[in-house]
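One structure, as structure tokens, below. Some questions next.
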Amino acid sequence: MPELPEVETMRRGIASIVGRRIALATFPKKTRQTITITPRPRTLAGKLVGRFIVAVHRFGKRIAIEFDGTPNCGKQFQPHWLVIEPRMTGLLLLAEPPTPQHVRLDIRLSQPRQQAGPHVAAPTATGRPSKRDSQLVFWDRRGLGTVRFVDKRGLLAACGPDRLGPDALSITGRDFVARLGRSSRAVKVALLDQKAVAGIGNIYAAEILFHAGVDPRTPCRLLTVDRWKRIASVTRHLLAKAIQCEGSTIGDGTYRTADNRSGQFQLYHRVYGQKGMPCHACNGPIERIVQAQRSTFFCPRCQW
DNA sequence: CGTTCAACCTGGGCGC
DNA sequence: TGCGCCCAGGTTGAAC
């Protein structure tokens with residue numbers, strides 16, 4: 001599910017956890033606990049409790065919650081990161097999860113540190129922080145997501161330049177030419193390669209190539225520099241617009257923002273999921289083909 | 001290098 | 001109602 005715009009929306013949606021400490025971490029296992037968690041859940045829970053959150057990052061389609069290295073409760077900590085990959089159906093929520101049985105990680109946060117002076121944080125109606133302010137949940141219906149607790153080395157291995165290319169939000173035509181210019185792969189398949197460019201998934205690859213007017217089957221090495229520039233420009237602008245719209249909620253509506261609202265960018269989709277529908281530009285039928293075992297939607301008249 | 005396939009999972013939709 | 005099949009936003013590793 002989540003591609004760059006959805007993951008960035010998640011990141012922004014949970015940014016209020018910065019400055020809080022983890023009070024409790026549990027890994028519910030009502031069903032078979034198949035999700036990949038390293039280290040093992042019991043060990044990880046122990047490592048998380050007491051840690052202070054200093055930042056929430058996004059690397060491509062991954063979230064990394066950063067913990068500081070200050071001493072706490074007599075222990076000396078190194079900086080660490082909780083790297084979460086939502087994969088197909090993972091969500092980070094400050095709201096009530098859609099179903100209780102697919103909660104994979106349940107984090108209770110300590111209360112925010114009181115600010116000095118008269119401008120303290122607004123109290124809730126009850127005078128206590130609400131549950132929304134104190135609980136962060138990783139929910140994942142299919143259970144394909146992963147959760148890893150890593151040190152600096154591990155972060156580099158999981159999210160470093162050996163694993164992820166330049167972020168799609170700032171990709172340039174020059175980046176594309178350097179990384180894919182001599183490749184014989186179909187351009188749509190190449191856009192999904194996270195080592196080439198980080199953050200593009202199946203929905204946005206289709207939408208980008210529609211707006212760029214490029215046939216998804218085109219071998220990369222046949223694209224001119226101007227066309228790569230066009231693809232890069234469309235990528236930056238389309239993803240920025242999708243973030244403004246808080247991502248795309250499609251199909252069964254699994255994707256939600258951290259406070260449980262739908263994304264809106266699906267209203268702007270032009271080809272994804274629209275096989276047989278008339279193209280917005282030429283009225284011809286949108287086609288669906290399969291590339292690398294995944295659906296590709298495009299307009300054969302507008303994309304060449 | 002590249003592609004293809006299977007695997008990891010749950011659940012919605014469809015045809016019969 | 002139920003069964004069987006296909007489909008789904010992602011990633012990885014094996015085989016060729």
Side-chain angles (χ1 to χ4, degrees), chain A residues 1-10 28-38 58-63 83-92 97-104 138-148 157-159 162-165 168 179-208 216-217 219-222 238-239 242-243 245-257 262-266 268-269 271-276 288-297:
Chain A
M1 170 209 323
E3 306 180 28
L4 186 152
E6 291 77 26
V7 178
E8 176 61 19
T9 302
M10 282 179 205
K29 48 176 190 292
K30 303 223 168 163
T31 55
R32 225 163 18 136
Q33 185 58 269
T34 51
I35 185 177
T36 300
I37 296 172
T38 48
R58 177 186 59 78
F59 298 105
K61 303 174 190 172
R62 293 147 203 214
I63 291 283
V83 177
I84 297 164
E85 269 189 60
R87 301 265 177 111
M88 296 290 266
T89 52
L91 296 177
L92 282 168
T99 59
Q101 68 267 34
H102 302 109
V103 172
R104 311 291 174 162
F138 179 56
W139 179 93
D140 185 359
R141 173 156 47 72
R142 287 175 70 177
L144 300 177
T146 69
V147 174
R148 281 172 290 177
C159 303
D162 288 349
R163 183 129 256 166
L164 299 176
R179 290 167 175 272
L180 298 174
R182 288 178 302 283
S183 169
S184 56
R185 300 147 86 189
V187 60
K188 190 270 188 168
V189 175
L191 289 180
L192 297 179
D193 180 350
Q194 301 301 298
K195 286 183 184 168
V197 51
I200 299 173
N202 211 34
I203 293 177
Y204 294 100
E207 296 298 318
I208 287 165
R217 300 164 292 193
C220 289
R221 60 182 159 74
L222 298 186
L238 194 90
L239 295 183
I243 292 168
C245 294
E246 301 183 294
S248 303
T249 296
I250 59 161
D252 59 11
T254 295
Y255 169 69
R256 313 291 292 171
T257 62
S262 283
Q264 298 298 318
F265 192 72
Q266 67 279 4
Y268 298 91
H269 289 183
V271 288
Y272 185 82
Q274 300 187 22
K275 176 185 177 185
R288 174 187 180 270
I289 60 174
V290 174
Q291 295 178 285
Q293 284 67 250
R294 311 198 64 188
S295 292
T296 299
F297 298 91

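First the proteins, then the strands, lettered A, B, ... as listed; each starts at 1. From a predicted model like this one, the values you see are computed outputs, not experimental measurements.
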Using the side-chain hydrogen bond (donor to acceptor under 3.5 Å, both in side chains) criterion, which residues pair with A:Arg142? Sequence neighbours excluded. none

Within residues 183-199 of chain A or reaching into it, pairs that qualify as salt bridge (Lys or Arg N to Asp or Glu O under 4.0 Å) - sequence neighbours excluded: A:Arg185-A:Asp193

Which two nucleotides bound the region of DNA chain C that has atoms under 4.0 Å from heavy atoms of chain A, read 5' to 3'? C:dA8 to C:dT12

Hey, are the side chains of A:Phe265 and A:Pro5 touching, using non-hydrogen atoms and a 4.5 Å cut-off?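 No, every pair of side-chain atoms sits at 4.5 Å or beyond.
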
According to side-chain hydrogen bond (donor to acceptor under 3.5 Å, both in side chains), who are the partners of A:Asp252, at least two apart in sequence or on a separate chain?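 By the side-chain hydrogen bond (donor to acceptor under 3.5 Å, both in side chains) rule, A:Asp252 matches A:Arg141, A:Thr254.
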
To the nearest 0.5 Å, what is the distance between CD1 on A:Ile35 and NE2 on A:His102?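 Separation between the atoms: 11.5 Å.
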
Ion pair present between A:Glu6 and A:Lys61, side-chain N to carboxylate O less than 4.0 angstrom? no

Look at all strands and tell whether A:Thr146 reaches a base, only sugar-phosphate, or nothing, counting heavy atoms closer than 4.0 Å. nothing

Under the side-chain hydrogen bond (donor to acceptor under 3.5 Å, both in side chains) test, which residues partner A:Arg256, sequence neighbours left out? A:Asn260, A:Ser262

Provide the distance between the two P atoms, one in B:dC9 and one in C:dG13, to the nearest whole Å.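 Between the two P atoms, the distance is 16 Å.
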
Report the residues that fulfil ring pair (Phe, Tyr, Trp, His ring centres under 6.0 Å) with A:Phe297, sequence neighbours left out, ordered by chain and then residue number.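 Here the qualifying residues are A:Tyr272.
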
Classify A:Gly143 by what it touches in the nucleic acid, base, sugar-phosphate, or nothing, heavy-atom distance under 4.0 Å. nothing

Pairing string, 5' to 3', for DNA chain C - Watson-Crick or wobble contacts under 3.5 Å, brackets [ ] where pairs cross, | to another strand: .|||||||.|||||||

Protein-nucleotide distance (A:Arg142, atom CZ; B:dA7, atom C1'), rounded to Å: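 The distance from CZ of A:Arg142 to C1' of B:dA7 comes to 11 Å, rounded to the nearest Å.
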
Over how many whole Å does the gap from A:Arg104 atom CZ to B:dC8 atom P extend?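 These atoms are roughly 15 Å apart.
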
In whole angstroms, how far is the P atom of B:dC9 from the CZ atom of A:Arg87?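 To the nearest whole Å, that distance equals 12 Å.
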
Considering only the P atoms, how many Å lie between C:dC6 and B:dA6, rounded to the nearest integer? 12 Å

Residues in side-chain hydrogen bond (donor to acceptor under 3.5 Å, both in side chains) contact with A:Arg163, at least two apart in sequence or another chain: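 side-chain hydrogen bond (donor to acceptor under 3.5 Å, both in side chains) check on A:Arg163 returns nothing, list empty.
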
Considering only heavy atoms, which members of residues 180-197 of chain A lie under 4.0 Å from some atom of DNA chain B? A:Ser183, A:Ser184, A:Arg185

A:Glu207: which residues meet the salt bridge (Lys or Arg N to Asp or Glu O under 4.0 Å) condition with it, sequence neighbours left out? none

Taking any heavy-atom pair under 4.0 Å as a contact, classify A:Tyr204: base, sugar-phosphate, or nothing. nothing

To the nearest Å, give me how far apart CE (A:Met88) and C1' (B:dT10) are. 11 Å

With a non-hydrogen cut-off below 4.0 angstrom, is A:Asn202 in contact with a base, only sugar-phosphate, or nothing? sugar-phosphate

Atom CD of A:Gln101 to atom P of B:dT10: distance rounded to whole Å? 11 Å

By salt bridge (Lys or Arg N to Asp or Glu O under 4.0 Å), which residues pair with A:Arg179, not counting sequence neighbours? none

According to ring pair (Phe, Tyr, Trp, His ring centres under 6.0 Å), who are the partners of A:Phe138, at least two apart in sequence or on a separate chain? none

Closest-nucleotide mapping onto DNA chain B: is A:Gln291 or A:Arg141 further toward the 5' terminus? I mean the 5' end.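 It is A:Gln291 whose nearest nucleotide is closer to the 5' end.
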
Residue-phosphate contact under 4.0 Å: A:His102 side-chain N/O, B:dG11 OP1/OP2: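 Looking at the OP1 and OP2 atoms of B:dG11, one of them is under 4.0 Å from a side-chain N or O of A:His102.
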
Residue mapping more 5' on DNA chain C - nearest nucleotide basis, A:Arg163 or A:Glu6: A:Glu6

